[in-house]
There are 2 protein chains.
Amino acid sequence: MSECTHANHNELVIKTRDGMPDIDTMFELADFFKVFSDSTRIRIMSALFQGELSVCCIAEILNMEQSTISHQLRVLRRENLVKVRKDGKQSYYSLADDHIRQIFEMGLEHIGE
Amino acid sequence: MSECTHANHNELVIKTRDGMPDIDTMFELADFFKVFSDSTRIRIMSALFQGELSVCCIAEILNMEQSTISHQLRVLRRENLVKVRKDGKQSYYSLADDHIRQIFEMGLEHIGE
DNA sequence: ACAACATATGAATAGTTGTTCATATGTTCA
DNA sequence: TGAACATATGAACAACTATTCATATGTTGT
């Protein structure tokens with residue numbers, strides 16, 4: 001760990017540290033955004049914006065293996081971003097959080113779409 | 001790729017695909033959020049919310065190696081989330097995008113802080 | 001009870017990513 | 001010009017993650 005020598009350094013370090021969120025909060029935040037960092041999950045959420053879907057529908061919409069989708073839905077479930085409704089053989093997934101749309105919008109704005 | 005057999009399947013697949021964003025856009029979106037998915041980068045951005053900082057200040061605030069910070073700042077620069085101002089020996093970094101605050105807020109709301 | 005189907009899950013693998021170390025580049029000041 | 005400092009960067013390594021395959025669990029209709 002290097003030591004800085006320029007003026008006001010220590011003071012600034014302390015003051016900035018003090019204004020930052022709790023360290024655990026920042027780790028949680030990173031974990032939360034990690035869910036959005038994979039294109040398969042983004043595509044699943046994009047599909048679910050249009051309403052609930054069964055696992056095999058999602059698989060076919062994305063043209064991917066059913067087990068891939070199941071694994072990724074588990075990740076989304078773990079972070080409370082989707083909910084499941086079981087009906088017979090099928091599991092219907094839908095979005096569980098209103099923030100998702102807003103977060104998507106802001107991302108799209110940034111990348112300029 | 002499994003084939004679903006339940007009613008309305010093909011129609012739903014087509015319709016849903018049609019309502020989804022462009023596939024390239026979804027990949028870009030994932031890449032954008034990937035930047036927020038690491039705790040070191042989250043901590044750097046949290047520090048920068050309070051104003052511009054030199055690399056070595058950030059390193060000391062986070063108590064991490066200077067080179068780690070430099071590498072991560074490069075990632076943030078690549079995605080246009082920070083900008084640099086060079087002054088003598090030092091590089092001062094600051095946030096480059098107003099969306100960052102909003103995205104943070106929404107993440108914090110979701111995790112319930 | 002059995003066959004067909006839908007979903008979930010464990011293990012293995014390949015690809016990606018964050019950190020560290022060593023070092024290069026560039027700046028300031030004596 | 002040389003020493004001290006600030007930052008950037010390449011290579012190596014360890015840790016993590018997404019996907020696939022195989023298979024288990026659970027449901028429906030015959």
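Atom set for the values below is all heavy atoms of this structure, side chains included, hydrogens, waters and symmetry mates excluded. Below, chains carry the letters A, B, ... as their sequence lines are ordered, and counting in each starts from 1.
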Peer 1: Taking only side-chain N and O atoms of B/Ser70, does any of them lie within less than 4.0 angstrom of OP1 or OP2 on D/dA8?
Peer 2: yes

Peer 1: How close or far is atom C1' of C/dT27 from atom NZ of B/Lys86, stated in whole angstroms?
Peer 2: 11 Å

Peer 1: Under 4.0 Å between a side-chain N/O of A/Tyr93 and OP1 or OP2 of C/dA6, yes or no?
Peer 2: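 Looking at the OP1 and OP2 atoms of C/dA6, neither is under 4.0 Å from any side-chain N or O of A/Tyr93.
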
Peer 1: Determine, step by step, whether A/Phe49 and B/Thr16 satisfy the side-chain contact (heavy atoms from CB on, under 4.5 Å) criterion, reporting the C-alpha distance in whole Å, the side-chain angles of both residues, the deciding distance to 0.1 Å, and the verdict.
Peer 2: CA-CA 9 Å; A/Phe49 276 136; B/Thr16 305; over 6 Å; no

Peer 1: Nearest 0.5 Å, what's the CZ-CG distance between A/Phe36 and B/Leu29?
Peer 2: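 Taking CZ in A/Phe36 and CG in B/Leu29, the distance rounds to 9.0 Å.
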
Peer 1: Does B/Asp18 pair with B/Lys15 as a salt bridge, N-O distance under 4.0 Å?
Peer 2: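 Salt bridge: no.
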
Peer 1: Take atom CG of B/Asp31 and atom P of C/dG15, then tell me their distance rounded to the nearest Å.
Peer 2: 18 Å

Peer 1: Calculate the interatomic distance between A/Lys89 atom NZ and C/dA8 atom C1'; express it in whole Å.
Peer 2: 16 Å

Peer 1: Less than 4.0 angstrom between a side-chain N/O of A/Thr40 and OP1 or OP2 of D/dT19, yes or no?
Peer 2: yes

Peer 1: Just call it for A/Thr68: base, sugar-phosphate, or nothing, with non-hydrogen atoms closer than 4.0 Å on any strand.
Peer 2: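 Result for A/Thr68 = base.
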
Peer 1: Quick one: A/Glu65 CD to D/dT23 P, roughly how many Å, whole number?
Peer 2: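 Result: 15 Å.
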
Peer 1: Is there, by distance only and without an angle test, a donor paired with an acceptor across the side chain of A/Gln66 and the base of C/dA8 below 3.5 Å?
Peer 2: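 Indeed, a donor on one side and an acceptor on the other fall under 3.5 Å apart.
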
Peer 1: Respond yes when some side-chain nitrogen or oxygen of A/Ser67 is under 4.0 Å from OP1 or OP2 of D/dA22, and no when none is.
Peer 2: no

Peer 1: Could you tell me whether the phosphate oxygens of D/dA6, OP1 or OP2, come under 4.0 Å of any side-chain nitrogen or oxygen in B/Ser54?
Peer 2: no

Peer 1: Let's see if you can work this out: which of C/dG18, C/dA8, C/dC21 has an atom nearest to the side-chain heavy atoms of A/Val55?
Peer 2: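 So the nucleotide nearest the side chain must be C/dA8.
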
Peer 1: Quickly work out the A/Leu73 CG to C/dA8 C1' distance and round it to whole Å.
Peer 2: 11 Å

Peer 1: Are A/Leu73 and A/Ile44 side-chain neighbours, meaning at least one heavy-atom pair lies under 4.5 Å?
Peer 2: yes

Peer 1: So, does B/Ser91 get its side chain near the phosphate of D/dA6, meaning an N or O under 4.0 Å from OP1 or OP2?
Peer 2: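 No, outside the criterion.
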
Peer 1: Does OP1 or OP2 of D/dA18 have a side-chain N or O of A/Arg41 closer than 4.0 Å?
Peer 2: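 Answer is yes, contact under 4.0 Å.
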
Peer 1: Measure from CG on B/Asp38 to P on D/dA15 and round the result to the nearest Å.
Peer 2: 16 Å

Peer 1: Which whole-number value in Å describes the distance from A/Arg74 CZ to D/dT19 C1'?
Peer 2: 13 Å

Peer 1: Indicate, yes or no, whether a donor-acceptor pair under 3.5 Å links the base of D/dT17 to the side chain of A/His71.
Peer 2: no

Peer 1: Going through the distances and angles, do A/Tyr93 and A/Arg77 end up as a side chain to side chain donor-acceptor pair (under 3.5 Å)?
Peer 2: CA-CA 9 Å; A/Tyr93 281 83; A/Arg77 233 186 304 131; 3.3 Å; yes

Peer 1: Atom CD of B/Gln90 to atom C1' of C/dT25: distance rounded to whole Å?
Peer 2: 16 Å

Peer 1: Report the residue (A/Gly88 or A/Ser37) whose heavy-atom-nearest nucleotide on DNA chain D is the more 5′ of the two.
Peer 2: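 Taking each residue's closest nucleotide, the earlier one in sequence belongs to A/Ser37.
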
Peer 1: Assess, by modelled atom type and distance only, whether the side chains of B/Gln66 and B/Ser70 contain a donor and an acceptor separated by less than 3.5 Å.
Peer 2: yes

Peer 1: For B/Arg77 and for A/Val75, locate the closest nucleotide of DNA chain D by heavy-atom distance; then report the residue assigned to the nucleotide nearer the 5' terminus.
Peer 2: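 Checking each residue's closest nucleotide, the 5'-ward one belongs to B/Arg77.
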
